[in-house]
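Worksheet for the structure shown next.
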Amino acid sequence: MDPALVRARLVARKQELLTRAAAVRADITRAEGPLEKDFAEQVVQMENDAVLAGLSASTAAEIAQINRALKRIDDGTYGECAVCGHPIDERRLEALPHSDRCIRCAEFAR
């Protein structure tokens, strides 16, 4: 795998996630306006906020994984399993370019 191509792909995904996170943050902080006056509608909006908070947490976690992958590219350790040190299969890196574990170690950690 070409590190420059992987870096470009990771940076593009990170930008996509940052844009999504900003939109979620705006929704949660009610940038568009306060809660509706109708109680039933407020309940729906608050349920939506809970879903958005979950999305925000998973987005933040993926951004952190991407940042670690970018650091591994810089360090020259990208593609090595952080647990066992063996190479991570290229098919896994193609599917999850921010992965830091080989399949065996990832399954063992579950």
Side-chain angles (χ1 to χ4, degrees):
M1 283 190 124
D2 180 8
L5 292 175
V6 174
R7 173 180 289 287
R9 186 172 167 204
L10 288 168
V11 168
R13 177 66 178 158
K14 181 179 173 181
Q15 186 56 51
E16 177 185 320
L17 291 169
L18 289 171
T19 300
R20 181 185 307 164
V24 167
R25 205 169 19 261
D27 283 347
I28 289 175
T29 59
R30 305 265 178 258
E32 299 282 320
L35 284 172
E36 295 289 327
K37 292 180 182 179
D38 179 60
F39 179 73
E41 190 60 33
Q42 284 181 2
V43 170
V44 170
Q45 284 179 307
M46 290 169 40
E47 287 174 348
N48 289 343
D49 288 350
V51 170
L52 290 173
L55 287 173
S56 182
S58 67
T59 299
E62 188 174 348
I63 290 170
Q65 290 173 324
I66 289 170
N67 287 335
R68 287 190 299 271
L70 291 169
K71 184 172 180 352
R72 287 191 308 276
I73 289 171
D74 292 341
D75 294 347
T77 59
Y78 181 79
E80 294 175 15
C81 179
V83 177
C84 70
H86 289 97
I88 300 172
D89 189 283
E90 285 198 27
R91 293 173 296 185
R92 178 167 173 77
L93 291 174
E94 184 66 34
L96 293 169
H98 56 272
S99 181
D100 67 344
R101 295 181 183 180
C102 66
I103 288 282
R104 198 185 93 206
C105 291
E107 288 177 349
F108 184 72
R110 289 184 189 183

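With sequence neighbours excluded, no residue forms a salt bridge (Lys or Arg N to Asp or Glu O under 4.0 Å) with R104. S58 is linked by a side chain to side chain contact (heavy atoms under 4.5 Å, CB included) to nothing, counting only residues two or more places apart in sequence or in another chain.
A distance of 9.5 Å separates CG in N67 from CG in L10, rounded to the nearest 0.5 Å. Here R101 contributes atom CZ and L96 contributes atom CG; the two are 12.5 Å apart, rounded to the nearest 0.5 Å. Here the CG-CZ distance, from D2 to R7, works out to 11.5 Å after rounding to the nearest 0.5 Å. Rounding to the nearest 0.5 Å places CD of E62 at 8.5 Å from CD of E16. Once rounded to the nearest 0.5 Å, the distance linking CD1 of I88 with CG of D100 reads 6.5 Å. Atom CG of D74 is separated from atom NZ of K71 by 7.5 Å, given to the nearest 0.5 angstrom.
A side chain to side chain donor-acceptor pair (under 3.5 Å) check over residues 82-92, counting only residues at least two apart or in different chains, returns the pairs D89-R91, R92-S99.
The two atoms that bring L93 and G79 nearest to each other are CD1-CA, 3.8 Å, heavy atoms only. Considering all non-hydrogen atoms of both residues, H98 and R72 come closest at O-NH2, 3.2 Å. Shown here for P97 and A69, the closest heavy-atom pair between the two residues is O-CB, 4.1 Å. Here the shortest heavy-atom pairing between C81 and C105 reads SG-SG, 3.7 Å.
Counting only distance, with no hydrogens or angles, the side chain of R68 and the backbone of I63 share no donor-acceptor pair below 3.5 Å.
Using a 4.5 Å cut-off between side-chain heavy atoms of Ile, Leu, Val, Met, Phe, Trp and Tyr, with links allowed through other members, I103 and V83 fall into different hydrophobic clusters. Both L18 and I66 are part of a single hydrophobic cluster, where members link through side-chain heavy atoms under 4.5 Å apart.
The closest side-chain heavy-atom distance from P87 to C102 is not below 4.5 Å.
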